[in-house]
Asks: 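Structure below; questions to follow.
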Amino acid sequence: SQGQFFDEHMGSWSTHVDDWTSQDEIPALVIRYEDLIDEPKQHFARIIEFCELVFSEQKLEAAIAASSFDRLKSHELQDGFREKPPKAATFFRQGKVGGWESELTASQIAQIKADHGTVMARLGYL
């Protein structure tokens with residue numbers, strides 16, 4: 001049988017971030033990709049503690065290794081990744097922090113900052 005589809009409003013990145021960080025019904029923890037790259041052990045530990053899980057140092061280090069960009073990209077190349085957009089060559093592209101600033105045009109960067117600068121500044125991106 002055919003699945004039932006519903007219209008879903010997809011807001012902007014800023015709206016999405018604001019909605020999650022301003023609500024208090026569902027506990028939320030904000031961790032930026034940059035945080036995980038710069039200090040993976042510290043921020044993975046924050047995630048585990050936030051989820052109220054018990055973990056050993058060995059399991060923490062195994063989780064960090066299992067979720068490294070290179071490991072994820074390798075798994076995608078071998079097994080695919082269902083969240084990859086249909087027109088994209090891969091979901092896991094380069095994994096570089098700040099890559100958007102070197103890959104987008106000045107006009108695109110200006111538009112992103114104009115549209116999302118307030119939230120970007122609040123999260124430490126500007």
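Not measured: the values here are computed from a predicted model.
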Asks: Taking salt bridge (Lys or Arg N to Asp or Glu O under 4.0 Å) as the cut-off, I'd like each qualifying pair that reaches into residues 110-126, sequence neighbours left out, listed once.
Replies: D18-R122

Asks: Output every pair passing salt bridge (Lys or Arg N to Asp or Glu O under 4.0 Å) with a member in residues 38-48, not counting sequence neighbours, ordered by first then second residue.
Replies: K41-E57, K41-E61

Asks: Just distance, no hydrogens or angles: give the donor-acceptor pairs under 3.5 Å from side chains in residues 95-104, sequence neighbours left out.
Replies:
from : atom 1 : to  : atom 2 : distance (Å)
S102 : OG     : G99 : O      : 3.1
E103 : OE1    : R93 : NH2    : 2.4
E103 : OE2    : R93 : NH2    : 3.4

Asks: Check S14 against H116 and note the closest heavy-atom contact, atom names and distance.
Replies: OG-ND1, 2.6 Å

Asks: Could you tell me whether Q94 atom CD has more than 12 heavy atoms of other residues or ligands within 6.0 Å of it?
Replies: yes

Asks: Tell me if the CD atom of Q58 is crowded by more than 12 foreign heavy atoms within 6.0 Å.
Replies: no

Asks: In Å, rounded to the nearest 0.5 Å, how long is the span from CD of Q111 to CD1 of I109?
Replies: 12.0 Å

Asks: Under 4.5 Å side-chain heavy-atom separation, chaining through any Ile, Leu, Val, Met, Phe, Trp or Tyr, what else clusters with L60? Say none if it is isolated.
Replies: L29, I31, L36, F44, I47, I48, F50, L53, F55, I64

Asks: What side chain to side chain donor-acceptor pair (under 3.5 Å) pairs are there with at least one residue in residues 27-37, not counting sequence neighbours?
Replies: R32-D35, E34-Y125

Asks: Are I112 and L126 connected in the hydrophobic side-chain network, where two residues link if heavy atoms are under 4.5 Å apart?
Replies: yes

Asks: Give every donor-acceptor pair under 3.5 Å between a side-chain atom in residues 78-90 and any protein atom, sequence neighbours left out.
Replies:
from : atom 1 : to  : atom 2 : distance (Å)
K84  : NZ     : A88 : O      : 3.0
T90  : OG1    : F92 : O      : 3.2

Asks: Using the rule that two of Ile, Leu, Val, Met, Phe, Trp, Tyr join whenever any of their side-chain heavy atoms come within less than 4.5 Å, decide whether V30 and W20 are in one cluster.
Replies: no

